[in-house]
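Working notes, structure below.
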Amino acid sequence: MAILGWSIVLVLLSGIGAFLAVGANGPPDPRLESPGSPPQAVGVLEFGEIAFRVTPARATGLPATTERCALLADTEVERQKGLMGRSDLGDYDAMIFRFEADTMGTFYMRNVPMALSIAWFDASGRFVSSADMTPCPDQEGCPQYPPAGSYRFALEVQKGGLERLGVATDSVLTLGGACSAPRA
């Protein structure tokens, strides 16, 4: 009889251990969704979104780009997190970092697994400079990427994507309100 009791306890403890092990392998940021609701993109919900457009500063014969949609890092916490841990931008064209005042702060790629290109813009939206940034693991000593001058906005895209958005040395960034099309 004692062996049967110990066997039951052992089976129960094994079941609890298996339940905890399988539960620990679930998604890192689980969300409950109502039946029929569209799925929410994990890792994007902590940011707002904003419409933007990039246009040439002077008549170059190039057409103005269409309105695009970006993730918006508008607070210190959001700007510190940026694209850490993300391997893509989802359905967004870029991430825009907006600052309350002019800054010369550098950017870094700690814990960002994808290569990025960044362009900095001043308070009036005029292009300041740009750089390509290399991924860096979650460790101390990641390279710092400084702008060529003070800026108010920074726009990040996957490496090589600035040209697709029309970003060049004479371009102007204009921010709008909400994105016109809903994003996932």
Side-chain angles (χ1 to χ4, degrees), residues 24-33 39-54 67-167 171-179 181-184:
N25 291 329
D29 190 14
R31 303 239 187 254
L32 294 176
E33 296 176 355
Q40 297 292 319
V42 175
V44 173
L45 298 176
E46 66 267 24
F47 297 104
E49 60 182 32
I50 192 164
F52 73 97
R53 183 181 309 262
V54 177
E67 185 174 274
R68 308 266 186 182
C69 188
L71 292 168
L72 177 63
D74 206 24
T75 67
E76 187 60 31
V77 170
E78 292 169 345
R79 289 188 294 263
Q80 288 295 320
K81 179 168 177 58
L83 293 170
M84 286 183 173
R86 293 184 52 90
S87 58
D88 63 46
L89 286 161
D91 289 334
Y92 293 90
D93 297 297
M95 173 171 261
I96 293 178
F97 296 78
R98 181 167 57 187
F99 296 83
E100 298 82 31
D102 290 348
T103 183
M104 287 286 295
T106 60
F107 276 66
Y108 59 92
M109 294 284 289
R110 183 174 184 167
N111 198 25
V112 179
M114 63 178 158
L116 297 173
S117 294
I118 186 169
W120 292 277
F121 297 86
D122 68 15
S124 61
R126 287 190 179 87
F127 179 86
V128 172
S129 65
S130 64
D132 288 332
M133 303 186 296
T134 307
C136 187
D138 191 8
Q139 66 185 28
E140 296 292 326
C142 291
Q144 299 283 313
Y145 298 92
S150 65
Y151 65 93
R152 185 75 59 97
F153 309 101
L155 182 142
E156 285 184 345
V157 295
Q158 287 187 316
K159 186 176 180 182
L162 292 175
E163 185 176 323
R164 177 181 59 83
L165 296 178
V167 175
S171 59
V172 176
L173 175 69
T174 305
L175 300 181
C179 295
R183 301 290 174 154

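Position 1 is the first residue of the sequence, and the numbers go up from there. These figures come from a predicted structure and were not determined experimentally.
The two residues Ala178 and Ala51 have their closest heavy-atom pair at O-CB, 3.7 Å. Minimum interatomic distance between Arg68 and Asp93 (heavy atoms only, all atoms of both residues): CB-OD2, 3.3 Å. Across all non-hydrogen atoms, the minimal contact from Gly176 to Ile50 is O-CG1, 3.1 Å. Minimum heavy-atom separation, Phe121 to Ser171: CE2-OG, 4.0 Å. Closest approach of Ala148 and Ser129 over heavy atoms only: N-OG, 3.0 Å.
Looking at Leu162, Leu116, Ile118 one by one, the single match for side-chain contact (heavy atoms from CB on, under 4.5 Å) with Val157 turns out to be Leu162.
For the side chain to side chain donor-acceptor pair (under 3.5 Å) condition, the pairs that include at least one residue of residues 143-162, sequence neighbours left out, are Asp102-Arg152, Thr106-Gln144. Residue pairs meeting the salt bridge (charged side-chain N to carboxylate O under 4.0 Å, His left out) criterion with at least one partner in residues 131-142, sequence neighbours excluded, are Arg110-Asp138, Arg110-Glu140. Legend: disulfide bond (SG atoms under 2.5 Å apart) pairs involving residues 86-136, not counting sequence neighbours, sorted by first then second residue: Cys136-Cys142.
Put simply, CE on Met95 and CD on Glu78 are 7.5 Å apart, with the number rounded to the nearest 0.5 Å. Annotation: the span from Trp120 atom CH2 to Leu155 atom CG amounts to 11.5 Å, rounded to 0.5 Å. Once rounded to the nearest 0.5 Å, the distance linking CG of Leu89 with SG of Cys69 reads 11.0 Å. Taking CZ of Arg53 as the start and CD of Glu67 as the end, the distance is 5.5 Å to the nearest 0.5 Å. Rounding to the nearest 0.5 angstrom, the gap separating the CD1 atom in Ile96 from the CZ atom in Arg79 is 13.5 Å. Atom SG of Cys179 sits about 8.5 Å away from atom CG of Leu71, to the nearest 0.5 Å.
By the salt bridge (charged side-chain N to carboxylate O under 4.0 Å, His left out) test, Arg98 is found to be paired with Asp74, residues two or more places apart in sequence or in another chain being considered. Checked against side chain to side chain donor-acceptor pair (under 3.5 Å), Asp88 has no partners two or more places apart in sequence or in another chain. Under the rule for a salt bridge (charged side-chain N to carboxylate O under 4.0 Å, His left out), Glu163 has no partner lying at least two apart in sequence or in another chain.
Residues Arg86 and Leu83 meet the side-chain proximity criterion, which asks for heavy atoms closer than 4.5 Å. The side-chain heavy atoms of Phe52 and Thr174, taken from C-beta on, include no pair separated by under 4.5 Å.
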Worked verdict on Phe47 versus Tyr92 for ring pair (Phe, Tyr, Trp, His ring centres under 6.0 Å): CA-CA 12 Å; Phe47 297 104; Tyr92 293 90; 9.4 Å; no
